[in-house]
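Some notes on the structure that comes next.
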Amino acid sequence: MAHYIVLLGPPGAGKGTQAQIISKTLNLAHVSSGDIFRENLKNQTELGKLAKGFMDRGELVPDDVTIAMIRDRLKRPDCAEGALLDGFPRTPAQAEALAEMLNEWDAKIDCVPYISVDADVLIERLSGRWSCPTCGFVYHAVYNPPKVAGICDFDGAALYQRVDDQSETVKHRIDVYMEQTSPLIDYYRKAGLLVEVDGTLPIEEVTSQLLKAINEKVG
Ligand code: AP5
């Protein structure tokens with residue numbers, strides 16, 4: 001039976017960092033809506049052009065576009081055993097669409113780990129974030145630095161900082177999260193799927209808490 005796990009948390013909580021690690025441990029496809037948008041942006045597709053303005057302003061891409069994109073992604077062969085969803089759903093309408101999609105495929109969400117981190121920590125994390133344009137690995141200048149500053153450990157590419165990590169945009173992304181995404185915490189709590197993990201712990205400790213919580217829910 002396919003397993004679907006939704007990682008919930010504010011911008012900079014560590015969803016991508018953790019998803020990179022636990023998708024390998026759980027042998028599940030890592031489906032990141034932000035990464036798919038960024039890949040489309042890099043390849044100058046119509047979807048990328050449409051998403052760019054929203055992303056640069058720190059706003060959400062419209063639900064219909066995002067839902068259709070994730071539906072296509074989840075139908076790919078590497079998601080036959082399920083997926084670890086990172087950054088989707090992000091609105092109540094997206095959550096409803098995901099539930100309908102999975103229902104159609106005789107599947108359901110197994111659990112929703114919520115990585116909680118306060119706003120002041122988020123700003124510090126995002127201002128120190130560096131990403132690899134080739135493999136997508138995410139570093140932090142202080143908390144998870146590459147071996148050589150500015151260079152990816154895995155493929156030697158020059159690291160970059162995201163346009164939407166500038167401080168004004170980060171503040172706006174946090175506001176957007178509070179307004180549009182944080183209602184999902186209660187939505188999934190009421191559904192009995194939410195498990196809260198303290199995202200302020202060191203990366204390895206967050207990973208072990210997440211794996212423990214997921215194993216308890218998935219069995
Ligand atoms: P997206 O890429 O999903 O961004 P986000 O949700 O804002 O999340 P981030 O990637 O910023 O943070 P993260 O939680 O993954 O943290 P990370 O692991 O990198 O979305 C970008 C945009 O795309 C959106 O604004 C929107 O426009 C659009 N979009 C995406 N999905 C959408 C949707 N469903 N609907 C509509 N629009 C959508 O960690 C951050 C930093 O902290 C790193 O440097 C990391 O090394 C460090 N760090 C991580 N964990 C720790 C730790 N425990 N201790 C210390 N440092 C840590």
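Atoms within a ligand are numbered from 1 in the order they appear, just like the ligands themselves.
Polar contact with ligand 1: present for Tyr139 (N/O pair, distance under 3.5 Å). Checked by distance only, ligand 1 and Asp86 stay at 3.5 Å or farther apart across all their nitrogen or oxygen atoms. Checking only distances, Gly16 does come within under 3.5 Å of ligand 1, N or O to N or O. Where the criterion is an N or O separation shorter than 3.5 Å, residue side chain and backbone included, Asp35 fails it with respect to ligand 1. Taking only nitrogen or oxygen atoms, main chain and side chain alike, Arg90 reaches within less than 3.5 Å of ligand 1. Considering backbone and side-chain N/O of Gln94, one or more are found under 3.5 Å from N/O of ligand 1.
If you run side-chain contact (heavy atoms from CB on, under 4.5 Å) between Ser182 and each of Tyr114, Tyr187, Tyr177, only Tyr177 comes through.
In this structure, Arg90 forms no cation-pi arrangement with Phe88, as its terminal cationic atom is not both closer than 6.0 Å to the ring centre and no more than 45° off the ring axis.
Between Arg38, Lys52, Arg125, it is Arg125 that holds the heavy atom closest to atom 42 (O) of ligand 1.
At a 4.0 Å heavy-atom cut-off, ligand 1 touches Thr66 through the side chain alone. Residue contacts with ligand 1 for Pro10 involve N, CA, C or O but no side-chain atom from C-beta outward (heavy atoms, distance under 4.0 Å). In Leu201, the part holding a heavy atom less than 4.0 Å from any atom of ligand 1 is the backbone. Neither the backbone nor the side chain of Gln18 comes within 4.0 Å of ligand 1, counting heavy atoms alone.
For the pair Lys42 and Asp35, the salt-bridge criterion is not met [side-chain N within less than 4.0 Å of a carboxylate O].
The side-chain heavy atoms of Pro11 and Leu126, taken from C-beta on, include a pair separated by under 4.5 Å.
Arg162 counts as a contact of ligand 1, since one of its heavy atoms falls under 4.0 Å from the ligand.
Counting atoms of ligand 1 from 1 in the listed order, those under 4.0 Å from a heavy atom of Ser33 are 30 (C), 31 (N), 32 (C), 34 (N). Here is the list of ligand 1 atoms found below 4.0 Å of a heavy atom in Pro11: 5 (P), 7 (O), 8 (O), 12 (O).
Environment of CG in Asn43: crowded, with over 12 heavy atoms of neighbouring residues, nucleotides or ligands closer than 6.0 Å. The environment of Glu81 atom CD is sparse: at most 12 non-hydrogen atoms of other residues, nucleotides or ligands sit within 6.0 angstrom. No more than 12 heavy-atom neighbours from other residues, nucleotides or ligands sit within 6.0 angstrom of NZ on Lys212.
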